[in-house]
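In this text, all values refer to a predicted model and were calculated from it rather than measured experimentally. Remember, it's 1-based here, ligands and their atoms both numbered in the order they're listed. Side-chain atoms are counted along with the backbone in the values below, which use heavy atoms only and exclude waters and symmetry mates.
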Amino acid sequence: MNPSEKLQELFLKFPGIGPKQAARFVYFLMREKNNYKQELAKNIEALKDSANICEKCLRVFSKNINQKESKLCEICANKMRDERSLMIVVKELDIDAIEKTKFYSGKYFVLGNLLPFLTEKPSEVINIRELVNLIHTSLQKEEKIEEIIFALPATDEGENTINYLRKTLSQIVGIEKVKISTLARGLSSGLDIEYVDKNTFKEAFEHRG
Ligand SMILES: [Zn+2]
């Protein structure tokens, strides 16, 4: 396999990229100047050392070059954020979109995926074990989680995931009086959280239930 074929294969792994787009990227790179290619290669190499997964919310984050070894992302490490509220999202882009609204000041947890119907081993698809551990740990602290909010897409798989999580989590938090809520659906039927705008999020947050 020559480098252009190998690169095409690597681009195919990118989310949402098909064979034609992968080939387009390779042709683009072949035409680009060498210093662009060097810059790209250099930054991919640097990403290797800067990419981290947050121990608490499981979000991937890039640590700054001069930062010492950090196991927590900046949101989890921020003492000003409200520990009493935990928002469950599928992926990092959802957090980015919600943070942009500047309307939510609690913590997050990244589920990693949605749960398809009839999944036999949910813990192999979503980060449920880690979520249960996080909640257990929080309930032993002084500043406990008081509300768990699902910010998942209003699709069939989203609903299936919420049903599963409600059932599983209410078994462990039920007696501890933790409120479990879901962002209101009305305005954003089928909407992926990563595309949410400020007003839609505000409306869905205020009418959660
Ligand atoms: Zn985190």
Visitor: To the nearest 0.5 Å, what is the distance between CZ on Phe25 and CD on Glu32?
Guide: 13.0 Å

Visitor: In chain order, what residues pass the side-chain hydrogen bond (donor to acceptor under 3.5 Å, both in side chains) check against Asp82, with sequence neighbours excluded?
Guide: Arg84

Visitor: Between the side chains of Ser181 and Glu147, does any donor sit under 3.5 Å from an acceptor?
Guide: yes

Visitor: Under a plain distance cut-off of 3.5 Å, with no hydrogens placed, do Tyr104 and Ser85 share a side-chain donor-acceptor pair?
Guide: yes

Visitor: Do any protein N, O or S atoms sit under 2.8 Å from the Zn ion (ligand 1), and which ones are they?
Guide: Cys54 SG, Cys57 SG, Cys73 SG, Cys76 SG

Visitor: Could you tell me the separation between the NZ atom of Lys179 and the CD1 atom of Ile149, rounded to the nearest 0.5 Å?
Guide: 8.0 Å

Visitor: Is the Phe11 to Phe14 ring centre distance short of 6.0 Å?
Guide: yes

